[in-house]
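Comments concern the structure below.
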Amino acid sequence: MKIETAGKKGPFRYAVYQSSLGDIFIAMGASGITDISIRTGEASFLEKMEEKHGTPPSSCRSRFTGVFNELDRYFSGKPVALDLPVDLSGSPFQLEVWKVLRTIPYGVTRSYGWAARQAGKGLGARAVGGACGANPAPIIVPCHRVLRADGSLGGYTGGLDIKRALLKIEGVEPRG
């Protein structure tokens, strides 16, 4: 699963996906999804995109048909790989962690320690937690599938209720 390095030239677009969790804002550059935001208003999302990318994205729902089809399957509880192209910005370690997270199958969870070992940082479970917290494309980069070693939730930038809801969609019941 390829993760491009953000900053490719080309049109920068966004669309709003209406989910059972509320509106999900998705931005895409020429090479793939750059950002996904759950629990934010449109104005706040656009401001964040302008700050991060130097320009606000323009609205273009038609460019997101494939993404929306995959998300429709996901939110209906059907196993789906969500192997959509992404174009993410992050440190080399973050990019490696996000690449590892994309290998965790639908309905399966792994520990922060497992992700650290896969990313080449055997003692970096906390660093993996930081990379998960900085994940610009939740759901597509499934940081919600990463739990503490004891099977409890750990953290989630979108809120633990969102993490729990995403896992429930996938048929996973975490501890605690």
Side-chain angles (χ1 to χ4, degrees), residues 1-19 21 23-40 42 44-46 48-75 78-110 112 114-116 118-121 127-146 156-158 162-163 166-167 169-170:
M1 290 177 213
K2 190 172 183 182
I3 293 184
E4 295 286 339
T5 304
K8 304 281 190 266
K9 300 291 182 200
F12 186 46
R13 308 278 191 235
Y14 84 100
V16 182
Y17 177 80
Q18 296 172 337
S19 79
L21 303 177
D23 289 345
I24 297 176
F25 295 87
I26 306 168
M28 186 184 305
S31 296
I33 295 168
T34 61
D35 299 272
I36 294 177
S37 186
I38 305 169
R39 280 203 168 146
T40 187
E42 188 167 17
S44 176
F45 175 74
L46 292 174
K48 181 180 174 185
M49 293 302 95
E50 183 171 13
E51 198 173 285
K52 180 177 177 181
H53 298 284
T55 183
S58 57
S59 180
C60 181
R61 186 172 173 85
S62 64
R63 185 159 178 224
F64 290 81
T65 302
V67 175
F68 286 2
N69 289 340
E70 290 288 295
L71 290 173
D72 284 345
R73 286 180 48 102
Y74 179 83
F75 280 101
K78 295 177 183 159
V80 61
L82 294 173
D83 191 19
L84 299 163
V86 293
D87 185 10
L88 306 178
S89 295
S91 71
F93 177 71
Q94 288 171 330
L95 292 170
E96 186 60 31
V97 169
W98 299 334
K99 183 177 171 183
V100 166
L101 299 184
R102 293 196 79 194
T103 70
I104 304 172
Y106 179 97
V108 175
T109 61
R110 299 284 190 240
Y112 291 98
W114 175 88
Q118 297 302 306
K121 302 287 184 192
V128 167
C132 287
N135 177 7
I139 303 172
I140 305 301
V141 176
C143 55
H144 64 278
R145 296 180 187 151
V146 182
Y156 194 70
T157 301
I162 297 291
K163 185 172 187 172
L166 292 170
L167 291 170
I169 288 167
E170 297 184 27

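Along the sequence shown, residues carry numbers from 1.
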Would you call [X] and [Y] a side-chain contact if the rule is heavy atoms closer than 4.5 Å?
X      : Y      : result
Ile26  : Phe68  : yes
Ser44  : Phe25  : no
Phe45  : Val16  : no
Glu170 : Pro142 : no
Phe75  : Ile24  : yes
Tyr74  : Ile140 : no
Leu21  : Arg39  : no
Val146 : Ile104 : yes

Exercise for review: Mind checking side-chain hydrogen bond (donor to acceptor under 3.5 Å, both in side chains) for Glu42 and listing every partner two or more places apart, or none if nothing turns up?
Suggested key: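 Per chain and number, Glu42 pairs via side-chain hydrogen bond (donor to acceptor under 3.5 Å, both in side chains) with Tyr14.
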
Check your understanding: Can you name the residues that form a side-chain hydrogen bond (donor to acceptor under 3.5 Å, both in side chains) with Arg110, not counting sequence neighbours?
Key ->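 None.
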
Exercise for review: Verify, without hydrogens or angle tests, whether Trp98 (side chain) and Ala131 (backbone) share a donor-acceptor contact under 3.5 angstrom.
Suggested key: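 Side chain of Trp98 to backbone of Ala131, a donor-acceptor pair under 3.5 Å: yes, one is there.
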
Review point. Nearest 0.5 Å, what's the CD-SG distance between Gln94 and Cys132?
Key: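 Here the interatomic distance stands at 10.0 Å.
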
